[in-house]
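Structure record follows, encoded as C-alpha cells.
One-based numbering, in listed order, for ligands and for the atoms of each. Note that the numbering runs from 1 along the sequence shown for the chain. These numbers come from the heavy atoms of this one structure, side chains and all, not from hydrogens, waters or symmetry mates.
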Amino acid sequence: MRARILPKTSLRRALSVLPRGPRSPTVQYAAVRLASGISQRLGSDRVSFPGAVESAFTNDLKFALPSDHPALPTYRVVDQDGEIVDRSFKPDLSDEEVVKLYRHMLTISIMDPVMFDAQRQGRISFYMVSAGEEAISVGSASALDQQDVVFCQYREQGIFAQRGFTLKNFMDQLFANKHDLGEGRNMPVHYGSKELNIHTISSTLATQIPHASGAAYALKMQRINDPSLPARVVAVYFGEGAASEGDFHAALNIAATRSCPVIFFCRNNGYSISTPTLEQYRGDGIASRGIGYGIDTVRVDGNDIWAVREVTKKAREMALQDGGKPILIEAMSYRVSHHSTSDDSFAYRARVEVEDWKRRDNPIARLRKYMEAKGFWDESKEKEARESIRRDVLKAFSDAEREKKPPIRTMFEDIYEELTPDLKVQMEELRKHIEKYPEEYDVGEYEGGIDSLKS
Ligand SMILES: Cc1ncc(C[n+]2csc(CCOP(=O)(O)OP(=O)(O)O)c2C)c(N)n1
Ligand SMILES: [K+]
C-alpha cells in the first residue's frame, strides 16, 4: 500500500490553535497527539515518532531523489525587453515614483565605476561594485518599511541609496573622513546607519544572518509585550557563497523554530569570488535550503525590479502573519563586475561570458525599456539624468576627499562609556611616541592634530 503523504502544515496548524509563547511539556505533547490524531484518521499506523509525526508509514523502500523535484521556477513580471509578461500585474507606483527608483539604480551604477577607479588611483583603499544587482537592492528596499531593520553583506549600496543614504554619506565613509558615521574605523563600503535602521556591514561573511534572526526575535518579543508597537520585520541580505557558512544554517533554523519575522534575501549572482555556483552546491540553489528548514520560499528574477518588489512586498506581509515567520527569497542575477578591487575575474572566467551577459540582460536597461514603452522616459531624459547624477557624484567625491580624518582620539573611544585608566595611559603613550618621531606621522591630516590626544 502506498502511504498517503500528509500536508506539512498539519503539525503547525495543530500548534497554532494553542496559546502563543513558551509551551509547557503537557501542551507540547498535546500538540503532537493532535497532529498524529490527524494522521491516524487518514489511515496510517498508530505510532508516530516525535521527530516525524506527519510522516505516514510505507512498505515501499524508496529514497527521495533530488531529481524527483523540479527546480523551483523563477518569478518575473517584466522580460529582458521591458515587456510585461505577467498579465495580472498592475504597477502600484506613479510614473514619478518609478523614475525615482530608476535614478537610484543609475546613481549606484555611476558612483561604482568612479570609486573603483579612485581605488586604482590610490585615493581610496578598497571598493566593490554592484553592477547587475541594482534592481535587487533598490527594488527590495523600496518594498520595505523605513522602520524595518536591515542587515547587509557589502554589495547592496542600492538599499542604502533607496533608504536615504546620501552621496555625501557614501563618500564620507569611503574616504574615512571626520563626517563618516563609523568614524573611519571600517574598510570602504562597510556602511551603516542607525538613523536608516541599517546595521553596519561586517567583512566576516554570514555573521549578519544569525544577527538578523536574533533581531527579528527581539522585535517579535517586544511586540508580544507591547502590542501597540508598530509591526516591523528584519531583512537580511547575503550572497549564495555566504550561504555555505554554518551561520546561515543556524540562522534559518532558529528563525523557523522561533517563528521570527525575518526575510532572508539571497543574491545569487553565480560566483563567490572565484568559486562558481556549480562548485558551491549540488541542490536547487539556495531556495531548496529554505524549504528544507520549513520556510516559505520564492525564487525571483533579480534583473526584474518589478518582480523583486512584488516578492518583497508579499514576503513582508507573510512575515508578519501568524505572529511572525521567516521567508526566504532567492534573487537570481549575474555578478557582472570583478568581485572587488582585489580581484581580477578574468583569471577564472572567460571575458566572453561576461560580455554575453551584459548583452543579454541588465536590470537598468530593462526598467529603462519599460519606462520608454510607457512613454514617460526618452533619450534626452536619460542623458540629463546621467549627466546630473555624474556631476553630483563628482562633487560629493571632491568634497569628501578634502575633509580631514576623524580626531586620532576617536580610536580610543566608544568601547567604554568613558575612557578607562588603561586607555588613558595608552593614549598618553601614543602622544609621546608621535612627539618623539614627528617626521614619521602626518598628524595634520587628522582633525585637531595631536591635541586630540591630550586628556
Ligand atoms: C568568514 C569569511 N570567509 C571568507 C571570506 C572571504 N570572502 C569575502 S567575500 C567572499 C565571497 C562571498 O561570495 P557571496 O556571498 O556569494 O557574495 P558576492 O561577493 O558574490 O556578492 C569571500 C569568500 C570572508 N570575508 N569571511
Ligand atoms: K555570489
Side-chain angles (χ1 to χ4, degrees), residues 74 105 108-109 112 115-116 119 125-141 150-161 186-192 198-212 235-252 263-290 299-303 308 328-349 353-354 357-358 361-363:
T74 305
M105 286 165 75
I108 296 309
S109 79
D112 274 353
M115 300 321 290
F116 193 93
Q119 191 278 341
S125 59
F126 178 79
Y127 197 72
M128 302 177 102
V129 315
S130 67
E133 298 180 49
E134 298 92 342
I136 290 179
S137 51
V138 172
S140 62
V150 177
F151 290 80
C152 290
Q153 184 153 313
Y154 46 60
R155 211 183 292 286
E156 295 97 0
Q157 36 270 55
I159 293 174
F160 283 84
N186 251 321
M187 276 172 76
V189 315
H190 293 62
Y191 314 109
I198 316 180
H199 282 257
T200 301
I201 291 164
S202 158
S203 283
T204 325
L205 282 180
T207 49
Q208 77 274 22
I209 318 176
H211 293 170
V236 55
Y237 295 79
F238 49 91
E240 85 290 339
S244 294
E245 286 285 341
D247 271 357
F248 163 85
H249 297 273
L252 260 66
I263 302 174
F264 295 108
F265 205 111
C266 176
R267 298 178 289 98
N268 190 333
N269 62 17
Y271 286 93
S272 174
I273 311 187
S274 56
T275 309
T277 46
L278 280 176
E279 288 172 33
Q280 189 84 239
Y281 51 74
R282 285 294 145 87
D284 180 23
I286 307 306
S288 61
R289 300 183 196 171
R299 174 173 285 147
V300 64
D301 181 342
N303 287 344
V308 171
L328 188 140
I329 299 173
E330 183 181 24
M332 312 312 287
S333 69
Y334 183 78
R335 199 197 73 212
V336 176
S337 61
H338 301 305
H339 170 74
S340 70
T341 46
S342 317
D343 175 47
D344 172 11
S345 67
F346 298 130
Y348 54 82
R349 63 178 178 182
E353 175 189 315
V354 181
W357 262 101
K358 281 197 208 163
D361 199 9
N362 174 287

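- Aromatic ring pairs are classed by plane angle as parallel below 30°, tilted from 30° to 60° and perpendicular above 60°; the pair H338 and F346 is perpendicular.
- Applying the side chain to side chain donor-acceptor pair (under 3.5 Å) test to R335 and every residue at least two apart in sequence or in another chain returns Y348.
- For the residue pair Y237/S140, the side-chain donor-acceptor check at 3.5 Å is satisfied.
- Among all heavy-atom pairs drawn from I286 and C266, the shortest one is CG1-SG, 3.6 Å.
- Evaluation of the salt bridge (Lys or Arg N to Asp or Glu O under 4.0 Å) test over residues 264-276, restricted to residues two or more places apart or in two chains, returns E133-R267, E156-R267.
- Looking only at distances, a side-chain donor or acceptor of E134 sits under 3.5 Å from a matching main-chain atom of G132.
- Looking at heavy atoms from C-beta onward, F238 lies out of side-chain contact with E245 at the 4.5 angstrom threshold.
- Under 4.0 Å from any atom of ligand 1, one finds heavy atoms of residues Q153, Y154, R155, S203, T204, L205, G239, E240, G241, A242, E245, R267, N269, Y271, S272, I273, H339.
- Between Y127 and F116, the ring center distance fails the sub-6.0 Å criterion.
- If you look at the K ion (ligand 2), the protein N, O or S atoms less than 3.4 Å from it are E240 OE1, E240 OE2, N269 OD1, Y271 O.
- F265 places a side-chain heavy atom less than 4.5 Å from the side chain of V308.
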